[in-house]
2 protein chains.
Amino acid sequence: MTQESEARKRRGSGRATIHDVARAAGVGSITVSRYFKQPAQVSAALSLRIAAAVKSLNYLPNLAAGGLASTHARIVGMVIPNISGPIFAHTIQSFSDVLSAHGYQLLLASSYFSVEQEEAAVRTFLGWSPAALVVTGQYHTRATVQLLNTANIPVVETWDYQPRRKYMQVGFSHYEVGQQAARYLLKKGYKRIAFAQNSVAGDESAIDRRDGYADIMREAGLEPWFFLPTAATPFDAGKQAMETLAMRKRHAAEAIIFANDNLAASAILAGQRAGIRMPEQCAIVGFGDYAMSSMLLPSLTTIRPPAKEIGEIAAMRILESLGEIPASKNVQRLNLLQCELLERESA
Amino acid sequence: MTQESEARKRRGSGRATIHDVARAAGVGSITVSRYFKQPAQVSAALSLRIAAAVKSLNYLPNLAAGGLASTHARIVGMVIPNISGPIFAHTIQSFSDVLSAHGYQLLLASSYFSVEQEEAAVRTFLGWSPAALVVTGQYHTRATVQLLNTANIPVVETWDYQPRRKYMQVGFSHYEVGQQAARYLLKKGYKRIAFAQNSVAGDESAIDRRDGYADIMREAGLEPWFFLPTAATPFDAGKQAMETLAMRKRHAAEAIIFANDNLAASAILAGQRAGIRMPEQCAIVGFGDYAMSSMLLPSLTTIRPPAKEIGEIAAMRILESLGEIPASKNVQRLNLLQCELLERESA
DNA sequence: TTGTATGCGTTATCAG
DNA sequence: CTGATAACGCATACAA
């Protein structure tokens with residue numbers, strides 16, 4: 001009875017607050033706050049009493065209140081094209097792991113390659129007063145840029161790298177990846193090299209890769225050859241590319257660079273079924289190094305993006321900006337990552 | 001000068017607040033709050049003025065403050081074994097999509113199949129006063145259960161289903177999946193059927209599947225045959241299982257059920273290299289239906305878990321509990337999902 | 001090292 | 001339909 005009769009507050013979660021702990025420990029509430037944030041500044045005697053009170057009351061700090069009071073919550077928002085895609089998940093995973101090791105939480109949203117959805121996500125995230133924000137790529141709406149600029153917090157663009165951008169960038173040059181693939185095939189002696197694009201609208205990075213390919217072709221005195229599938233799903237699009245480019249009677253493609261491994265994989269399956277010898281009759285190069293790529297027959301030659309590294313390094317840069325860890329030198333160079341061309345059987 | 005000379009607050013983000021909007025619109029701040037939360041309760045005239053003020057001030061609601069005042073933030077925490085895994089990502093994606101359509105944000109953490117890491121994540125999440133919490137599976141630490149119980153918010157366990165659990169469950173019975181695989185192979189006439197486990201510690205669900213398999217074997221008067229790989233990576237473990245079980249001289253396995261498709265895939269590759277005819281010499285069944293499974297040679301017969309559906313339905317149940325959408329009937333039955341056995345070439 | 005007063009931006013309560 | 005006031009739980013500024 002008596003313990004229940006304590007005048008209950010009109011609102012509130014009913015959970016113990018920092019004041020309850022302070023009262024139980026016989027200290028000021030600010031000391032409890034320090035006990036969590038700057039333990040070194042609290043004497044051993046008080047620390048002990050506070051620890052006991054915390055335990056007996058099952059105290060859990062209210063992070064929202066803390067964030068409100070300190071104007072920035074220990075939260076970082078991340079907008080990624082899609083969570084369940086074969087590659088971005090690794091970035092999310094490593095990013096989240098590094099952050100949570102330092103007491104920051106990940107707030108996640110997906111844009112499905114739509115800059116408008118990205119804008120909506122950024123807008124919502126800012127409502128949480130996040131400590132930092134991560135977006136994918138360098139293509140955003142005007143309003144997103146405006147929001148990012150006025151937010152006055154660290155912003156990182158991942159999965160791309162362009163010189164002289166305003167925000168921190170952690171990624172690689174898609175343009176150079178396109179060049180890399182084209183050079184590789186040219187060196188192998190292929191001439192009739194096509195580039196099969198993605199039917200997903202909004203994947204601007206794939207366009208950059210295509211342009212890198214095109215420029216290398218022109219340098220070599222060859223005409224770039226673009227194929228834009230009309231099929232909706234990657235599976236159908238890859239098949240369509242294979243049928244259109246490699247199975248034509250005259251002037252068939254000797255090699256095809258695909259916008260990603262999904263397309264390339266379905267092309268290999270289609271080719272296999274049609275009895276096309278790969279790479280002799282048609283060489284295939286992908287992008288992404290998805291899990292299945294090494295298991296195909298022929299195994300897929302592809303370019304591996306540093307997905308996990310991107311997440312890790314982005315998190316580190318943010319923690320540096322936030323003063324959580326000492327700053328690295330030569331950040332500029334560290335942020336520009338390299339992709340690896342994995343030479344397998346298909347090219 | 002004059003516009004800058006407005007006495008600046010000592011603290012704060014510098015962003016416009018609800019009071020700024022109220023002043024600009026000539027209304028009380030609570031009316032602005034209502035304008036966002038219950039637009040129907042605000043007259044058209046005031047709504048117009050508020051809308052203008054919001055726009056001109058670039059007002060963005062501070063969600064942390066709102067969450068603090070209303071004791072529950074529009075946030076839902078989700079703990080998942082791993083984000084970058086081949087199947088959970090789909091659950092995350094669909095869960096996040098449904099939630100964000102209703103103005104809830106996803107706070108994500110991974111446990112790596114460790115109940116201790118799960119506990120830590122739950123603890124942190126609770127600090128945000130989330131509207132609801134989602135965990136994976138039914139195995140938790142005592143402290144986690146305690147936290148979940150006292151949190152007094154909707155809790156959903158995903159990726160599993162056991163009768164008479166305390167929390168809402170959205171998933172399927174791993175035990176029945178194990179039974180399903182065993183029955184399928186027995187029906188095909190296989191007798192010497194082994195189960196290759198996962199070397200990842202903490203994957204309790206895989207144990208449930210194994211037990212389902214074992215019981216069906218016993219029912220059929222056959223001895224269950226467990227193989228526990230020592231190899232660390234799934235790739236090596238699958239290969240090891242194949243070599244140990246199917247390539248032995250005498251009494252080799254006629255069929256192997258693998259704890260997941262990663263193991264099964266590497267087994268198929270190893271078998272292929274060793275010239276083992278599948279399924280004639282050894283049939284293979286996986287679990288998960290990962291992206292590469294249909295691309296293998298032979299394509300992998302596997303059991304597809306309803307990953308996307310789990311995320312969707314979990315989100316719906318939460319939104320129902322929160323009163324955001326009308327409640328469904330027969331929730332009990334709806335939450336028990338079925339896995340589909342995909343009959344392909346390997347078994 | 002510790003404590004007091006006050007503000008963070010919003011919503012619940014209650015009154016018009 | 002609208003508004004004044006007081007929480008929400010914590011951290012900053014400043015003082016002791």
Side-chain angles (χ1 to χ4, degrees), chain A residues 7-23 25-50 54 57-75 103 126-131, chain B residues 7-23 25-50 54 57-75 103 126-131:
Chain A
R8 211 177 305 158
K9 313 270 174 59
R10 283 189 303 157
R11 286 152 59 172
S13 59
R15 279 191 353 222
T17 74
I18 207 170
H19 297 110
D20 299 326
V21 174
R23 202 177 316 128
V27 301
S29 29
I30 187 63
T31 306
V32 178
S33 175
R34 287 200 189 98
Y35 167 80
F36 284 106
K37 301 285 166 188
Q38 305 136 9
Q41 312 232 6
V42 179
S43 67
L46 289 193
S47 291
L48 234 59
R49 276 160 47 194
I50 293 172
V54 165
L57 291 173
N58 276 321
Y59 170 69
L60 234 54
N62 183 319
L63 270 11
L68 180 58
S70 59
T71 64
H72 279 314
R74 290 179 81 85
I75 252 189
L126 287 177
W128 286 104
S129 309
Chain B
R8 211 177 302 158
K9 315 267 172 61
R10 281 189 305 157
R11 287 152 56 173
S13 59
R15 279 188 357 218
T17 75
I18 207 170
H19 296 111
D20 299 326
V21 174
R23 200 177 317 127
V27 302
S29 29
I30 188 64
T31 305
V32 178
S33 176
R34 287 202 189 95
Y35 166 81
F36 284 107
K37 302 286 167 187
Q38 304 135 11
Q41 313 232 6
V42 178
S43 66
L46 288 194
S47 291
L48 235 59
R49 273 157 52 191
I50 293 172
V54 165
L57 292 173
N58 275 321
Y59 170 70
L60 232 55
N62 183 321
L63 270 13
L68 178 59
S70 58
T71 64
H72 280 313
R74 290 179 81 85
I75 254 189
L126 287 176
W128 287 104
S129 309

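Just so we're on the same page: letters track the sequence lines, and every chain starts at 1.
Residue A/Arg15 places no side-chain atom within donor-acceptor reach of the base of D/dG9, judged by atom type and a 3.5 Å distance cut-off alone.
Distance NE2 (A/His72) to P (C/dC8): 14 Å, rounded to an integer number of Å. The distance between atom CG of B/Leu63 and atom C1' of C/dG9, rounded to the nearest whole Å, is 11 Å. Rounded to an integer number of Å, the gap from A/Ile18 CD1 to D/dT12 P is 11 Å. When the C1' atom of C/dT10 is taken as reference, atom CG of B/Leu60 falls 14 Å away, rounded to whole Å. Atom CG of A/Asp20 is separated from atom C1' of D/dG9 by 10 Å (rounded to the nearest Å). What separates CG of B/Leu68 from P of D/dA11 is a distance of 12 Å, to the nearest Å. For B/Ile30 and D/dG3, the CD1 to C1' distance is 8 Å, given to the nearest whole Å.
B/Pro61 and B/Arg15 make their closest contact through O-NH2, 4.2 Å (heavy atoms, listed as atom of the first residue, atom of the second, distance). Here the closest heavy-atom approach between residue A/Ala73 and residue A/Trp128 is recorded as CB-O, 3.7 Å. Considering all non-hydrogen atoms of both residues, A/Tyr59 and A/Ala16 come closest at CD1-O, 3.4 Å.
For the OP1/OP2 pair of C/dG3 and a distance below 4.0 Å, the side-chain nitrogens and oxygens of A/Thr31 include at least one atom meeting the criterion.
For B/Asn62, taking side-chain heavy atoms from C-beta onward, the closest of the listed nucleotides D/dA4, C/dT10, D/dC10 is C/dT10. Between C/dG9, D/dT12, C/dT2, one nucleotide has an atom nearer to the side chain of A/Arg34 than all others, and that is C/dT2.
Between B/Gly67 and A/His19, the residue whose closest nucleotide on DNA chain C is further toward the 5' end is A/His19.
Using a 4.0 Å heavy-atom cutoff across all strands shown, A/Val27 reaches sugar-phosphate atoms only and no base atom.
B/Val21 places a side-chain heavy atom less than 4.5 Å from the side chain of B/Ile50.
Rounded to the nearest 0.5 angstrom, B/Asn62 CG and A/Leu126 CG are separated by 10.5 Å.
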Validation: residues 25-38 of chain B side-chain donor-acceptor distances under 3.5 Å, sequence neighbours left out:
none

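Remark: A/Gln41, A/Val42, A/Ser43, A/Leu46 in residues 35-49 of chain A come within less than 4.0 Å of DNA chain C through at least one heavy atom.
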